[in-house]
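Take a look at the structure below.
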Number of protein chains: 2
Amino acid sequence: MSALDTALHGLRALIADGALRPGDRLPSEGELCETLGVSRGSLREAIRMLAALGVLETRHGSGSYVSELRAADLIGSLSLTVGLLPMAGVLELTELRRVLEPHAAALAAARIDADTIETLSGVLDEIEGSDDFEDHSRLDHAFHMTISEVAGNDALTSLIDVLRSRSRAYRIPDAGDAAELKLHSDAGHRAILRGLAAADPVAASAAASAHVAQTEYWVRRYTEADTHVGTEGPAVETD
Amino acid sequence: MSALDTALHGLRALIADGALRPGDRLPSEGELCETLGVSRGSLREAIRMLAALGVLETRHGSGSYVSELRAADLIGSLSLTVGLLPMAGVLELTELRRVLEPHAAALAAARIDADTIETLSGVLDEIEGSDDFEDHSRLDHAFHMTISEVAGNDALTSLIDVLRSRSRAYRIPDAGDAAELKLHSDAGHRAILRGLAAADPVAASAAASAHVAQTEYWVRRYTEADTHVGTEGPAVETD
DNA sequence: TGAAACATAGTTGTCATACGAATTTGAGGA
DNA sequence: TCCTCAAATTCGTATGACAACTATGTTTCA
């Protein structure tokens with residue numbers, strides 16, 4: 001077994017066995033090097049891997065700490081990489097959204113309160129009144145995240161967030177298309193909100209499903225032309 | 001910006017911009033150090049982080065390569081860490097399973113062929129005829145993975161696999177309970193297979209939903225007593 | 001007495017160098 | 001043409017050194 005594997009599995013075992021619990025500070029790097037029998041370089045590589053996966057957090061000058069090990073945080077570690085997926089992968093993820101977002105909407109319909117409905121309605125007012133893509137993207141994100149937060153499962157919220165982050169950043173070159181998309185998008189949002197306001201899980205779920213399906217349609221429509229891997233360039237909501 | 005961040009974002013940018021495509025070999029570490037202006041140690045830490053997330057693969061003596069960037073692989077990178085979740089997190093994930101597995105079953109019901117049904121039936125025969133927990137776990141896994149593979153979305157399959165890997169490894173101390181669980185589990189499997197064989201998405205979906213609900217019941221039942229974080233020790237299917 | 005400033009020790013961040021281990025490449029010969 | 005083997009290339013690992021940052025305890029001053 002390589003030194004890196006030794007360090008990686010050694011650290012993981014310390015957490016799995018309960019020797020290190022969420023929030024605990026790890027022994028210093030020098031100490032761990034002796035304990036695990038690897039050099040500091042190999043140890044640090046292992047620490048970085050677990051940090052990338054959301055298991056550890058390192059603070060300069062202080063030490064490394066075990067994270068809170070929340071499911072939402074581990075899922076959130078994907079956000080660094082989903083932006084690198086090619087189009088084919090994005091469509092796979094969109095299918096997941098097609099299951100998860102209706103579920104979140106249904107749960108939210110059963111739990112949402114009047115204040116939140118008011119807030120969401122205000123967000124939609126802003127979206128419909130704005131022509132700025134930056135605003136649109138931000139508010140759209142807020143709308144959907146609020147819904148999944150109300151649903152009450154943080155892991156679900158985090159997963160939806162990660163999946164949505166990828167569909168978000170595609171540009172719609174044609175101005176007419178962009179306008180049409182926004183029209184449908186606004187209508188979709190209102191339909192979801194109606195379902196929530198009526199405390200009707202089935203209606204909210206159906207509206208959310210239709211909304212994702214619409215996203216999928218637009219992503220697919222612009223797939224053939226632009227199969228670029230990157231996420232750079234002017235971003236336009238397809239959502 | 002720290003040297004590590006420089007290296008990490010530099011590498012990520014090379015991929016996002018398309019300068020490095022799936023399957024490509026990265027420049028040598030020495031070359032990248034000059035390009036990015038960081039030491040070899042910092043560069044290697046960045047490479048490890050991306051490797052942990054499933055974006056890069058390193059081969060000793062050969063070089064580092066960009067992975068195929070399949071959504072399923074990126075999601076699979078979670079498998080190293082979901083085993084560290086405390087019980088509360090497992091229940092969150094089980095709720096996700098409750099949405100995803102019925103969806104997979106419904107899709108599979110619409111696409112499955114006679115040969116696969118035969119195979120699955122054979123797997124269930126084996127499960128029902130075996131008292132060995134090791135066999136049971138392996139065959140149960142094969143049964144469920146086959147279904148989600150038939151569903152045709154690799155990302156979905158990978159996600160279900162990751163989520164299931166956590167519910168799998170809990171021991172049922174009481175022999176009577178274990179027997180009762182297996183009885184229900186076997187019945188649940190048969191119900192799912194009936195739905196698939198009838199090409200009935202609704203029936204398959206409902207059966208899968210009930211199956212996950214049963215898992216959730218057992219996990220919850222043994223939650224209060226055992227909140228241990230680890231995954232070691234004799235593992236018994238709760239599934 | 002209280003608080004601010006400072007000194008100190010401990011920890012992570014970064015770099016440079018060296019050498020071992022695995023792979024790849026190409027020259028040489030049968 | 002194919003095989004063998006040595007050399008070059010590349011990653012894997014270890015060590016040492018110092019900078020940057022943090023935490024803690026002490027001193028100093030109001």
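In what follows, chains carry the letters A, B, and so on, assigned in the order in which the sequence lines appear, proteins first and then strands, with residues in each chain numbered from 1.
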With respect to H211(B), which candidate in H189(B), E216(B), E101(B) satisfies the side-chain hydrogen bond (donor to acceptor under 3.5 Å, both in side chains) definition? H189(B)
Rounded to whole angstrom units, what separation is found between the CE atom of M49(B) and the C1' atom of dG13(C)? 14 Å
Please report the distance, rounded to the nearest Å, between CD in E29(A) and C1' in dG13(C). 9 Å
Give the rounded distance in Å between these two atoms: OH of Y65(A) and C1' of dC21(D). 12 Å
Which whole-number value in Å describes the distance from R59(B) CZ to dT24(C) C1'? 12 Å
N/O donor to acceptor pairs below 3.5 angstrom from side-chain atoms of residues 53-64 of chain A, sequence neighbours left out:
unit_1 : atom_1 : unit_2 : atom_2 : d
T58(A) : OG1    : S64(A) : OG     : 2.8
S62(A) : OG     : Y65(A) : OH     : 2.6

Strictly below 4.0 Å, N to O, side chains only: are D140(A) and K182(A) in salt-bridge contact? no
Determine the sole option in E34(A), E29(A), E31(A) for which the salt bridge (Lys or Arg N to Asp or Glu O under 4.0 Å) test with R40(A) is passed. E29(A)
Output one letter per nucleotide in nucleotides 14-20 of chain C: B when a protein non-hydrogen atom lies under 4.0 Å from the base, S when only the sugar-phosphate is that close, - when neither is. BB--B-B
Any R25(A) side-chain nitrogen or oxygen under 4.0 Å from OP1 or OP2 of dT11(C): yes
Could you tell me which non-hydrogen atom of A105(A) sits nearest to which non-hydrogen atom of I147(A), and how far apart they are? CA-CG2, 4.1 Å
Electrostatic pair D24(A)-R21(A), nearest N-O below 4.0 angstrom: no
Roughly, in whole Å, what's the span from CD1 in I47(B) to P in dC11(D)? 7 Å
